[in-house]
Amino acid sequence: MLSREMNEKLNAQITHEFYSSYLYRQMASCLNLMGMTMMESYFVAQADEERQHAIKLIDYVQKSGGKLVLGAIDAPAHDFKSALAVAEATLEHEKGVTGRIHALVAQAESDKDYSTRSYLQWYIDEQVEEEASIMELVQLTRMAGDNLLGLEDRVEKLLKARTPIPAQDLGV
Ligand code: FEO
C-alpha cells in the first residue's frame, strides 16, 4: 500500500516522465530543422523510452492500490541553437531526473515501503545508463565541432548500440 505522499510523488514523476518525452520530441524536431537526421532519430527513440518509463510507473501505482492523477505538462524549450546546446540541455535534464528518482527512494525508505524501494531500483540503474549515454553524446558533439557529417556517423553508432527496454521490464 502506498502512502499518500508516495502516491502523489509517483504521480508527479509519471507526469515528469511524460514531460521528458515531450521535451525530447521537441528537441528531435529542432534537430530535424538543423538537418541532423541521425541525432533526430536518437531523440525520437529517447522520447519513446521516456513514455515507457511513465507507463511502467503507472502500472506500478495501479498494482499497488494507488490512484493515478496526471498533472499538466509544461511546454518545453524550443530555441536550441545547436546540436551541442541540445545535448548539454539533455544532460542537465537527466541529472535532474536522477535527483527526482533519488528523492522517491528517500520517501520509500522513510515510509519503510520496501516494495516501492525495490521497484525504484530499476529507475536508479536506468539513470546511470541514461546519464552515461548522454555524456557520450555531449562529448561527441563537442569533439565534432562544425563537422556535422562526422557527428551524424558517430551518433548513428551510438543509436545502434542502444538496448531497447525488454517488454518484461515494462511490467505491462
Ligand atoms: Fe525517464 Fe531519461 O529518464
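Indexing begins at 1, ligand by ligand and atom by atom, following the structure's order.
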Return the orientation label for the Y24 and F43 ring planes: parallel under 30°, perpendicular over 60°, tilted otherwise.
->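 Y24 vs F43 ring planes: perpendicular.
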Of all N/O/S atoms in E17, which lies nearest to atom 1 (Fe) of ligand 1?
->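 Atom 1 (Fe) of ligand 1 is closest to the E17 atom OE1, counting only N, O or S.
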So which N/O/S atom does H53 have closest to atom 1 (Fe) of ligand 1?
->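 Relative to atom 1 (Fe) of ligand 1, the closest nitrogen, oxygen or sulfur of H53 carries the name ND1.
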Would you say the side-chain atoms of T15 pair up with the backbone N or O of G71, donor to acceptor, closer than 3.5 Å?
->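 The answer is yes, because a donor-acceptor pair under 3.5 Å joins these two groups.
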Is there a donor-acceptor pair closer than 3.5 Å between any side-chain N or O of Q13 and the backbone N or O of I101?
->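 No, Q13 side chain to I101 backbone: no donor-acceptor pair under 3.5 Å.
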Do you know which N/O/S atom name in E130 is closest to atom 2 (Fe) of ligand 1?
->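 Atom name of the closest N, O or S in E130: OE1.
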Look at the N, O or S atoms of E50, main chain and side chain alike, and state whether any lies under 2.8 Å from atom 1 (Fe) of ligand 1.
->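 It does; at least one qualifying atom falls short of 2.8 Å.
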Between H93 and Y19, ring centroids under 6.0 Å =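 Yes, they do, as the ring centres are separated by less than 6.0 Å.
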With a cut-off of 2.8 Å, does E94 place any N/O/S atom under that distance from atom 2 (Fe) of ligand 1?
->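 Looking at E94, which is the residue asked about, there is an N, O or S atom under 2.8 Å from atom 2 (Fe) of ligand 1.
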Inspect the contact between R117 and D113 and indicate whether a charged nitrogen and a carboxylate oxygen are less than 4.0 angstrom apart.
->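 Salt bridge flag = no for R117 with D113.
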